[in-house]
Amino acid sequence: MSSTAKKIIVIGAGVAGLLAAVTAAHEGAKVSLFEKMPKVGLKMGITGKGRCNITNAAPIMDFIAKTPGNGRFLYSAYEKFDNEDLLDLFHSWGLSTKVERGGRVFPESDDAQEVRHLFMKKLRDEKVDLHLEEPVKKILIREGKISGVMTGKRSYEADAVILTTGGASYPRTGSTGDGYRMAKEMGHKVTTIRPALIPLVCKEDYCKELQGISLKNVTLSVDGGGRRKAEEFGEMLFTHFGISGPIVLSLSDKVSLWLSQGHSVKGSIDLKPALTQEVLDKRVLRDLEKYQKRQMAGALQDLMLHRMIDVVLNLAGISRNLPVSELKKADRVKLVQTLKALPLTITGTQPIEEAIVTAGGISVKEVNPSTMESKIVQNLYLAGEVLDIHAFTGGYNLQAAFSTGHLAAISALRSEHA
Ligand SMILES: Cc1cc2nc3c(=O)[nH]c(=O)nc-3n(C[C@H](O)[C@H](O)[C@H](O)COP(=O)(O)OP(=O)(O)OC[C@H]3O[C@@H](n4cnc5c(N)ncnc54)[C@H](O)[C@@H]3O)c2cc1C
């Protein structure tokens with residue numbers, strides 16, 4: 001490193017910040033990395049249920065499609081450093097990886113700590129000056145340009161600052177929204193923060209009754225204010241407060257947005273999406289024929305999980321003790337309709353602290369997508385979830401953080417600004 005090396009400060013040793021710091025140092029910058037927590041990469045360590053869902057093997061166009069929060073802003077970052085570049089880098093560091101269902105990429109060891117330790121080694125190898133438990137309080141600006149940062153201890157000079165403080169979810173990992181405040185202080189617009197990828201709270205008591213039941217191959221439809229509609233097919237779960245699971249998380253971004261706009265949101269679960277109402281009716285008739293000597297509660301066991309029978313009958317207004325032979329056609333129609341549309345009233349989301357990602361953040365309109373530099377403050381770069389970007393699970397959020405962190409580092413280093 002030459003004595004004229006650029007001084008770069010990275011704020012936040014999470015997914016984006018770790019790669020930004022290592023990349024800038026590797027390319028010859030003098031890098032200081034400030035982290036408020038006692039350890040680096042705490043959130044990285046809990047992704048993919050502790051296995052670290054590094055990225056996805058999908059083509060880059062799929063990454064944009066899986067990023068409802070400003071996916072197109074990420075084109076340049078992906079063009080310069082995509083999932084293959086990331087995996088090449090990790091492999092060159094000695095990490096073995098594997099691809100699982102849905103293209104999710106994990107370390108071969110299934111251990112997120114291996115990735116964290118690799119980054120810790122790289123920080124040492126590249127002589128990054130790591131300051132743990134030293135949160136940055138303020139970013140210092142002189143004449144519209146970055147001049148350094150102020151922590152609780154003292155101020156530090158820098159030629160460029162890369163802000164990678166993450167979102168506002170899972171604050172116990174250190175992401176408490178500090179970056180939003182610092183960005184606002186510098187004149188940046190921060191769009192409304194709300195939870196994305198979050199379980200949903202429902203009014204119906206039956207969710208609690210069915211707590212722990214996981215439904216596979218169902219369709220969940222949601223409707224905001226009667227006009228905004230979306231649906232997903234796959235797996236979901238009942239909880240004591242409502243619903244969760246993969247298709248719920250996927251739809252939660254839209255639901256959270258509609259709720260924040262004041263719309264009432266209804267949901268509906270199609271327990272038999274592969275069957276039309278007519279085909280399902282024939283199937284129900286066959287079962288009723290088979291169990292004609294029983295009561296209704298005993299006649300539906302082939303059609304659904306045992307614990308669901310009473311809930312479905314109750315919603316259809318049919319007594320569980322009704323002899324099958326006494327069921328009227330109108331009741332059967334109601335039963336079929338209920339199986340095709342279990343009603344839900346979605347009243348809210350779990351709190352943002354429980355969200356996998358934060359929707360909203362520093363407005364991408366004020367950030368140059370080709371460099372990640374702020375359009376407001378020269379030599380300030382922004383990367384990761386602190387930006388108004390959010391994606392579905394599957395490694396897309398991590399790749400977004402890695403790609404923007406990498407681009408910010410390269411740009412900060414190569415910037416011609418004095
Ligand atoms: C439970 C869970 C599971 C997830 N699973 C997946 C998944 O499977 N796939 C996927 O793609 N994404 C997943 N994510 C999302 C993903 O982890 C985040 O999008 C990603 O970590 C964002 O990276 P980041 O670098 O922007 O922020 P973070 O990784 O949150 O890092 C921000 C860092 O900044 C530090 N910091 C904050 N303020 C300051 C300050 N003032 N001074 C110094 N340091 C500061 C924080 O302590 C933290 O270390 C998951 C998230 C959670 C919570």
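Atoms within a ligand are numbered from 1 in the order they appear, just like the ligands themselves.
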Any heavy atom of K137 under 4.0 Å from ligand 1? The part involved is neither
Can you check side chain to side chain donor-acceptor pair (under 3.5 Å) on Y396 and N56, steps first, answer last? CA-CA 7 Å; Y396 304 107; N56 198 285; 3.3 Å; yes
Cation-pi geometry met for R104 and F106 (6.0 Å, 45°): no
Which segment of V40 sits under 4.0 Å of ligand 1 when only heavy atoms are counted: neither
Side chain, backbone, both or neither: which applies to F34 and ligand 1 if a contact is any heavy-atom pair less than 4.0 Å apart? backbone
Between D159 and K7, is the closest basic N to carboxylate O distance under 4.0 Å? no
Proximal atoms of ligand 1 relative to I46 (non-hydrogen, under 4.0 Å): 1 (C), 3 (C)
Of the side chain and backbone of N397, name the one, both, or neither that has a heavy atom under 4.0 Å from an atom of ligand 1. both
So if I apply the side-chain contact (heavy atoms from CB on, under 4.5 Å) rule between L197 and each of T358, D253, T349, L249, which one comes out positive? L249
Report the nearest protein non-hydrogen atom to atom 41 (N) of ligand 1: residue, atom name, distance rounded to 0.1 Å. D178 OD2, 2.8 Å
Is the F63 to Y78 ring centre distance short of 6.0 Å? yes
Per-residue contact class, A16 against ligand 1 - non-hydrogen pairs under 4.0 Å: both
Could you tell me the residue and atom name of the protein heavy atom closest to atom 34 (O) of ligand 1, and the distance to it rounded to 0.1 Å? G12 CA, 3.2 Å
For atom 13 (C) of ligand 1, grab the closest protein heavy atom and report residue, atom and distance to one decimal in Å. L398 CD1, 3.7 Å
Should we say atom NE2 of H131 is surrounded by more than 12 heavy atoms from elsewhere, each under 6.0 Å from it? yes
Could you list which atoms of ligand 1 come closer than 4.0 Å to a heavy atom of G395? 9 (N), 10 (C), 11 (O)
So which heavy atom in the protein is nearest atom 26 (O) of ligand 1, and how far is it from that ligand atom? E385 N, 2.7 Å
Quick one: nearest non-hydrogen protein atom to atom 17 (O) of ligand 1, plus distance? T47 CG2, 3.1 Å
Consider every N or O of Y170 and every N or O of ligand 1, then say whether any pair is closer than 3.5 Å. no
Nitrogen or oxygen of F392 less than 3.5 angstrom from that of ligand 1: no
Can you confirm, on distance only, whether ligand 1 has an N/O atom lying under 3.5 Å from any N/O atom belonging to V15? yes
Taking atom 15 (C) of ligand 1 as the reference point, the nearest protein heavy atom with its distance: I356 O, 3.7 Å
